[in-house]
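Here is the naming used below: chain letters follow the sequence lines, and residue numbers restart at 1 for every chain.
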Amino acid sequence: MKVRTRFAPSPTGNVHIGNMRAAIYNWLFARHMGGEFLLRVEDTDIERSTPEAIQALLDAMDWLGLDVDGEPLYQTTRQQAHLDAAEALLSKGMAYKEDKGGMGQGECVIFRMPGTDSSFVDGIKGELTKKAENMQDFVIVRSNGTPVFHLANVMDDIEQGITHVIRGDDHIENTFRHIALYKALGAEVPNFAHLPMITNAQGKPYSKRDGDAFVGDFREKGFLPEALFNYLTLLGWSPGDDREIMTREELVEAFTLERCQSSAAQVDLKKLTWMNGEYMLKLPNEEFEALAFQSLETAGIDAEPEYAEQVFKLIRERVKTVADIVPMVGFFFSDDFEYDEKAVKKKLLKDGVADTLGNMKTIFQGLDVFNAETADKALHDFVEESGLGFGAVMAPVRIAVSGVQSGPDLAPVLAVLGRNRVIARLDRALALFSA
RNA sequence: GACCCCUUCGUCUAGUGGCCUAGGACUCCAGGUUUUCAUCCUGGCAACACGGGUUCGAGUCCCGUAGGGGUCGCCA
């Protein structure tokens, strides 16, 4: 039988990172097995399920490259089928009506647990069992006539022909109920695999309060989808060898449920950032530039393409995330940049620095040609002639033209900025900081 | 509280009874390269939760303890 997995989120607009990892595992498993990956939108919460929220969900999946087979199933279209199933269960005596709790809310439909011990083999955790006395009957249709999650979920998984239900381990208890439902409904029980949860930097389960809980947050922070995908896959799974940076094809090829960890995993932003940097490095130049131009645009920076491309070449290898770009190149596009206070205090407000900057200005003005090579040579010559240390010359010049202590090679930076800008900035630094 | 699950370096993990004086990666630290910064290279720190078994031999199997987590809704 062909493997079919599914991702069944509630479209709330924000897709939780833990949910998205479950989606990734479902996708990976389906692709590995040559099966299908389906989407079911559990949109029965009318308040939160707006078209925008659904679109946001689809966008997040698209961004991560989780392609879906077939049309998505919208749970709201299935209500009648759910209710019919409840009727059938009722008529077979497998469910009963009751005014639960006697609260006068009216009668709801309650599923009768079979009263036998239950056990199943979880694809990740192994055999799981539960004694009959620890399982209670449960509501499948509310007194207001709407189906409850358990019924809807099972019915729709049957409808979509799901063979493998891969979900968070917070569903383990539900699984015993669901299995009983499958059997009562006369349907084949699918395979189940329960993923351990992932936790935040504090080692606690992700809550909606966590800043980085949603897929969109990672996108905004400048992470590449392929890097996030790779990282999330490795969080709780490993190929069994030492590979870490893996292409999507390699991940699909290597992915199996048996190699999934059965304990919770903690997200480590530092490692994600490292991995993202590796992916940034691998990006084809055109893609990097496209991303960079986009970042400048959203930051409201007007960039002349030819000039910008020179700038991008300078920072290309230093960027860890897309979000690094704008702060790194700001001074190339505007004279209105901040001076790093510490840097100024430590390097600029020193005796003799004003002379150094003044000398460099004169030297640069006197150059026949001003480019990376000549600027570099001028810098070196001056260091030698003056007997000043290298740091005593480079650092002040760098801070004067960029505001900060670190950045790409200084000479190329000067060359790209151009002589006029460099001299103007040296003048300004002289005026502002001559001690 | 009841039921269930989990436990290898700070973090992600390899490890399926001898190949483990426990390997890799991130982080961190030190040195080197770069006559600036970053990169890069080399090296280092650092773990089998604890206690009992079983066995010639246990990180690997069993039992218990502790700690962590999940679930106990007419939410999903």
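Comparing B:U13 with B:U71, their C1' atoms are spaced 28 Å from each other, to the whole Å. Comparing B:C9 with B:G44, their C1' atoms sit 14 Å apart, to the nearest whole Å. B:A22 and B:G15: their C1' atoms are spaced 8 Å apart (whole Å). Spacing between B:A76 and B:U65 at atom P, rounded to whole Å, works out to 37 Å. B:U16 and B:G52 have their P atoms separated by 26 Å, with the value rounded to a whole Å. The separation of B:C28 from B:G10, taken at their C1' atoms, amounts to 9 Å, rounded to a whole angstrom. Remark: the separation of the C1' atoms in B:G70 and B:G53 is 30 Å, to the nearest Å. Comparing B:A49 with B:U8, their C1' atoms are spaced 10 Å from each other, to the whole Å.
Using a 4.5 Å heavy-atom threshold, the side chains of A:Phe370 and A:Val422 count as touching.
A:Ser143 comes within 4.0 angstrom of a nucleotide base, judged by non-hydrogen atoms across all strands. Within 4.0 Å of A:Asn174, counting heavy atoms only, lies at least one base atom of the nucleic acid. No engagement by A:Ala395 is indicated, since no non-hydrogen atom pair under 4.0 Å with the nucleic acid exists. No engagement by A:His194 is indicated, since no non-hydrogen atom pair under 4.0 Å with the nucleic acid exists. Among the protein residues, A:Leu235 comes within range of the sugar-phosphate backbone only, with heavy atoms under 4.0 Å from sugar or phosphate atoms but none that close to a base. Within 4.0 Å of A:Gly236, counting heavy atoms only, lie sugar-phosphate atoms of the nucleic acid but no base atom. A:Ile140 comes within contact range of no nucleotide atom at all, as no heavy-atom separation falls under 4.0 Å.
In the set B:U36, B:A25, B:G69, the nucleotide with an atom closest to the side chain of A:Met197 is B:G69. Checked against B:G24, B:C12, B:C5, the side chain of A:Lys125 finds its nearest nucleotide in B:C5. You'll find that the side chain of A:Asp99 is closest to B:C74, out of B:C74, B:C4, B:U7. When the nucleotides B:C37, B:G70, B:U36 are ranked by their closest atom to the side chain of A:Leu410, B:U36 comes out on top. Picking from B:C12, B:C5, B:G10 the nucleotide with the shortest atom distance to the side chain of A:Asp268 gives B:G10. The nucleotide whose nearest atom lies closest to any side-chain atom of A:Lys130 is, among B:C3, B:C5, B:U11, B:C3. For A:Glu244, whose side chain is taken as the heavy atoms from C-beta onward, the closest listed nucleotide among B:A25, B:U13, B:G73 is B:A25. Minimum atom distance to the side chain of A:Ser263 is reached by B:C6, of the listed B:U35, B:C6, B:U11.
The interatomic distance linking A:Asn153 (CG) with B:A76 (P) rounds to 10 Å, in whole Å. Nucleotide B:G69 holds its C1' atom 16 Å from the CD1 atom of A:Ile124, rounded to whole Å. When rounded to the nearest whole Å, the span between CD of A:Glu173 and C1' of B:C6 equals 14 Å. For A:His150 and B:G73, the NE2 to P distance is 10 Å, given to the nearest whole Å. Protein atom NZ of A:Lys320 is 17 Å distant from nucleotide atom P of B:C37, rounded to whole Å. Between the C1' atom of B:G68 and the CG atom of A:Asn200 lies a distance of 14 Å, rounded to the nearest Å. Taking atom CZ of A:Phe149 as the reference point, atom C1' of B:C72 lies 15 Å away to the nearest angstrom. The NZ atom of A:Lys270 sits 13 Å away from the P atom of B:C26 (whole-angstrom rounding).
For the pair A:Lys282 and A:Tyr279, the cation-pi test (distance below 6.0 Å, angle within 45°) is passed.
Judged by atom type and distance alone, A:Arg318 does not reach the base of B:U39 through any side-chain donor-acceptor pair under 3.5 Å. Judged by distance alone with a 3.5 Å cut-off, no donor-acceptor contact links the side chain of A:Asn134 to the base of B:C4.
Contact annotation: A:Arg259 reaches the phosphate of B:G15 (side-chain N/O to OP1 or OP2, under 4.0 Å). Residue A:Gln261 places at least one side-chain N or O under 4.0 Å from the OP1 or OP2 atom of B:A14. Of the side-chain N and O atoms in A:Lys100, one or more sit less than 4.0 angstrom from OP1 or OP2 of B:C74.
Pairing partner, B:U33: none, since no Watson-Crick or wobble contact has both distances short of 3.5 Å. Nucleotide B:U54 is matched to nothing when pairs are restricted to Watson-Crick or G-U wobble geometry with both distances under 3.5 angstrom. When both pairing distances are held under 3.5 Å, B:G1 makes a Watson-Crick or G-U pair with B:C72.
If you check the side chains of A:Tyr339 and A:Arg428, you find a donor sitting under 3.5 Å from an acceptor. Between A:Gln266 and A:Asn200, the side chains place no donor N or O within less than 3.5 Å of an acceptor N or O (distance only, hydrogens not considered). A donor-acceptor contact under 3.5 angstrom links the side chains of A:Asp156 and A:His82, judged on distance only.
With A:Thr77 contributing its side chain and A:Tyr74 its backbone, the two residues share a donor-acceptor pair below 3.5 Å.
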Exercise for the section: Under the side-chain contact (heavy atoms from CB on, under 4.5 Å) rule, what do A:Leu417 and A:Phe331 come out as? Steps first, then yes or no, please. Expected result: CA-CA 9 Å; A:Leu417 278 169; A:Phe331 73 88; 4.2 Å; yes
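With the nearest nucleotide of RNA chain B identified for both A:Arg21 and A:Gln405, A:Arg21 has the one nearer the 5' end. If A:Gly240 and A:Glu317 are placed on RNA chain B by their nearest nucleotide, the residue sitting closer to the 5' end is A:Gly240.
Ion pairing between a basic and an acidic side chain is recognised when a charged N comes within 4.0 Å of a carboxylate O; A:Asp381 and A:Lys377 show such pairing.
For A:Phe7 and A:Trp27, the gap between ring centers reaches or exceeds 6.0 Å.
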